Amino acid sequence: MIDLKYLQKNFDEASLTLQKKGVEAETLQTLQGLFADLKQANQALEALKAEQNSLSKLFGQHKRDGKDTTVLKSELDGLKESIVPLQERAREAEEALYSVALTIPNFPDDSVPKGADEAENVEIRKVLEPRTFDFVPLEHWALAEKNGWIDFERGVKLAKSRFSVLRGEAARLERVLINFFLDANAKKGFIEQSVPFMSNAAMLQGTGQLPKFEDDLFKIEEENLYLIPTAEVPLTNLYHDEILKAEELPRLMTAYTPCFRKEAGSAGRDTRGMIRQHQFNKVEMVAIAHPDSSDEIFDMMVENASDILTALGLPHRVVELCGGDLGFSAARTIDLEVWLPGQNKYREISSISNTRDFQARRAKIRFKDGKKNRLVHTLNGSALAVGRTIVAIMENYQNADGSIEIPEVLKKYM
RNA sequence: GGACAGUUGGGUGAGUUGGCUGAAACCACACCCCUGCUAAGGGUGCGUGCUCGAAAGGGUACCGAGGGUUCGAAUCCCUCACUGUCCGCCA
């Protein structure tokens with residue numbers, strides 16, 4: 001959630017900044033109005049409550065002293081009655097405020113490039129030269145068929161479309177990649193965690209998936225739980241509603257989890273192959289950081305993910321997202337896009353974001369800064385998406401006969 | 001799934017004949033003093049959110065969550081969640 005007090009004091013600036021993310025000034029006007037309403041409603045209510053409290057105290061005293069209380073009682077009865085509508089008004093004002101506030105995206109950093117969509121993202125650098133093929137490289141789904149690696153049909157039979165089954169070497173490669181990623185992250189100081197793959201609504205609100213993006217989540221109705229769309233949710237919320245000591249920062253965490261997404265709104269996109277599945281595996285990094293060091297940690301996370309791709313010998317590029325392509329919670333995001341020779345294009349394989357205090361405010365994650373409690377910064381990033389790494393290995397390491405080499409660094413794991 | 005018990009501040013834990021308890025005491029922690037050596041003594045401070053205030057300080061809310069009774073609830077009632085124990089079931 002954005003800082004409403006900041007919005008109130010710096011409306012024009014804030015409104016300009018959020019334009020980058022496509023938020024209308026009008027919406028912010030409304031929000032500001034609701035914030036003022038709530039304040040006013042609370043002030044009126046609290047004044048009466050104060051009176052009620054002190055008179056009730058007096059009432060008790062009179063009772064004990066055996067004094068007459070009939071006058072006080074009728075006064076209090078009147079007060080009580082006049083409090084009811086104020087209470088209702090305050091409740092409504094709060095509801096109205098949050099129903100809007102929770103749907104406003106984070107402020108992008110000043111450094112974020114302007115732009116409407118992914119076409120205007122900015123390439124920062126390329127790493128590794130794509131190899132040249134003396135044959136026409138195949139797409140991964142064709143290679144999967146040749147090698148019997150992926151059973152798309154039976155995945156659909158077991159669940160529904162956008163589910164698949166990995167077989168033999170491919171299944172093993174998946175397991176090996178997870179280990180490789182976790183080990184690499186551990187070397188950078190990320191502590192491995194094994195977390196629930198389901199999450200309750202409060203946690204999902206903490207990281208920003210709810211209430212706005214409920215349609216993207218698989219929900220278990222009877223239990224009031226959701227399948228996690230990313231390990232960012234459990235990892236970040238590990239410290240939900242906690243106050244950490246300054247010296248406990250940063251907390252660096254990593255976890256392997258499957259991720260579940262309905263992919264609502266991407267109908268027809270990437271339907272062939274395993275680029276976009278309802279369930280995919282991912283190893284995630286999350287950092288809970290002191291505000292002063294979140295930029296430094298962000299760079300470290302980008303470097304870590306990029307280094308992993310380099311170690312796998314996978315050509316990729318580092319891309320800074322423009323305002324229009326930035327996610328809801330992110331102040332800044334760098335994507336790593338891996339080269340897919342079969343598709344002849346770069347495709348996202350990792351996304352690293354600094355959400356600043358946006359998630360921390362929702363999830364109430366603070367730290368003691370001397371006497372005061374301050375919001376932490378939270379960061380998250382994939383290192384890496386497992387399924388897409390398999391796709392990248394297949395396409396980049398394919399031979400003319402359709403067989404696939406295993407990258408050197410993975411051989412000791414296989 | 002069934003039965004019973006419980007859920008208070010960083011921890012242990014009082015308070016459950018409703019008011020003087022936002023919360024005793026102890027521990028932990030921070031600062032200060034004494035002392036002078038590996039141990040101890042004394043003092044002060046020490047929950048969170050919102051809000052008013054330049055600050056000092058004040059108001060309000062929170063004793064698992066939500067609702068109810070009442071002039072007034074940590075204390076009474078209802079619903080739910082969670083924890084513990086026993087039974088059942090089970091990888």
Side-chain angles (χ1 to χ4, degrees), chain A residues 1-9 31-102 194-206 210 219-226 234 237-249 251 258 288 357-376:
Chain A
M1 202 164 80
I2 60 168
D3 184 349
L4 294 173
K5 275 186 252 178
Y6 172 81
L7 178 72
Q8 196 176 41
K9 285 188 190 128
L31 183 64
Q32 201 183 20
L34 291 171
F35 186 45
D37 284 350
L38 176 62
K39 251 189 190 180
Q40 204 181 30
N42 272 336
Q43 266 164 30
L45 174 66
E46 281 173 18
L48 283 197
K49 286 266 201 178
E51 199 180 339
Q52 185 186 43
N53 284 343
S54 71
L55 286 186
S56 282
K57 209 166 237 179
L58 194 65
F59 186 98
Q61 231 162 53
H62 281 197
K63 269 278 192 218
R64 252 172 288 131
D65 300 346
K67 288 190 193 158
D68 179 56
T69 55
T70 47
V71 179
L72 253 187
K73 172 87 164 79
S74 67
E75 210 171 323
L76 274 161
D77 284 339
L79 243 185
K80 191 184 184 183
E81 225 167 288
S82 52
I83 280 175
V84 172
L86 286 184
Q87 198 134 37
E88 185 60 14
R89 190 183 141 212
R91 221 209 68 236
E92 278 167 8
E94 189 171 339
E95 213 165 271
L97 174 67
Y98 283 103
S99 73
V100 175
L102 287 171
S194 178
V195 296
F197 300 159
M198 297 182 199
S199 177
N200 61 41
M203 301 303 116
L204 284 153
Q205 185 175 101
L210 289 179
K219 184 175 188 185
I220 300 157
E221 289 289 347
E222 324 76 71
E223 292 289 344
N224 235 325
L225 289 170
Y226 298 80
N237 282 298
L238 233 29
Y239 296 101
H240 190 105
D241 201 14
E242 291 194 23
I243 301 171
L244 299 164
K245 295 188 184 117
E247 57 268 27
E248 289 178 305
L249 300 175
R251 310 238 65 151
I288 307 286
D357 61 10
F358 184 82
Q359 290 180 327
R361 184 171 294 106
R362 290 174 160 246
K364 305 190 195 81
I365 309 173
R366 296 92 92 208
F367 72 101
K368 275 264 179 256
D369 188 21
K371 274 272 182 193
K372 282 226 184 302
N373 297 323
R374 277 178 71 192
L375 295 169
V376 299

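Numbers restart at 1 for each chain; the letters A, B, ... are given by sequence-line order, proteins then strands. Please read these numbers as outputs of a predicted model, since none were measured by experiment.
- Between A:V376 and A:F367, the shortest heavy-atom contact is CG1-CD2, 3.7 Å.
- The P atoms of B:G43 and B:A25 are separated by 13 Å, rounded to the nearest whole Å.
- Atom pair A:K63:NZ and B:A73:P shows a separation of 16 Å (rounding to whole Å applied).
- Counting heavy atoms from C-beta on, the side chains of A:R89 and A:Q40 come closer than 4.5 Å.
- Under 4.0 Å is where a charged nitrogen must lie from a carboxylate oxygen, and between A:D357 and A:R362 no such pair does.
- One atom, CZ of A:F59, and another, C1' of B:U70, lie 10 Å apart when rounded to the nearest Å.
- Distance noted for atom C1' between B:U17 and B:A73: 14 Å (whole Å).
- Spacing between B:A81 and B:A65 at atom P, rounded to whole Å, works out to 15 Å.
- Contact check on A:K245 versus A:E248 returns no salt bridge, with no Lys/Arg side-chain nitrogen under 4.0 Å from an Asp/Glu carboxylate oxygen.
- Across all strands shown, B:C29 is found opposite B:G45 as a Watson-Crick or G-U wobble partner, with both distances under 3.5 Å.
- In this structure, A:K80 reaches the B:G72 phosphate: one of its side-chain N or O atoms is under 4.0 Å from OP1 or OP2.
- Listed pair A:K73 / B:C71 meets the phosphate criterion, a side-chain N or O lying under 4.0 Å from OP1 or OP2.
- Atom CG in A:L76 sits about 11 Å away from atom C1' in B:U70, given to the nearest Å.
- Checking B:G72 for Watson-Crick or G-U wobble geometry (two distances, each under 3.5 Å) identifies no partner in any strand.
- Taking a pair to require two hydrogen-bonding distances under 3.5 Å in either a Watson-Crick or a G-U wobble arrangement, B:C34 remains unpaired.
- When Watson-Crick and G-U wobble pairs are counted only if both distances are under 3.5 Å, B:U83 pairs with B:A5.
- Using Watson-Crick or G-U wobble geometry with both donor-acceptor distances under 3.5 Å, B:G22 finds no partner in any strand shown.
- Comparing the C1' positions of B:G22 and B:U60 gives an interatomic distance of 12 Å, to the nearest angstrom.
- For the pair A:D241 and A:K364, the salt-bridge criterion is not met [side-chain N within less than 4.0 Å of a carboxylate O].
- Atom CD of A:E248 and atom P of B:C29 are 15 Å apart (whole Å).
- Going from the P atom of B:A23 to that of B:A74 covers 12 Å, rounded to whole Å.
- Smallest separation of non-hydrogen atoms from A:L34 and A:A96: CD1-O, 3.5 Å.
- With both ends at atom C1', the span from B:A14 to B:U21 equals 11 Å, rounded to whole Å.
- Under the 4.5 Å side-chain criterion, counting only non-hydrogen atoms from C-beta, A:Y226 is not in contact with A:I220.
- Contact annotation: the side chain of A:E242 never approaches that of A:I365 to less than 4.5 Å [non-hydrogen atoms, C-beta and beyond].
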Letter by letter from the 5' end, nucleotides 45-66 of chain B scores (B base, S sugar-phosphate only, - none; protein heavy atoms under 4.0 Å) ---SS-SS------BSS-----
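- A gap of 35 Å separates the P atoms of B:C29 and B:C82, to the nearest Å.
- With C1' as the reference atom, B:C76 and B:C63 are 16 Å apart, rounded to whole Å.
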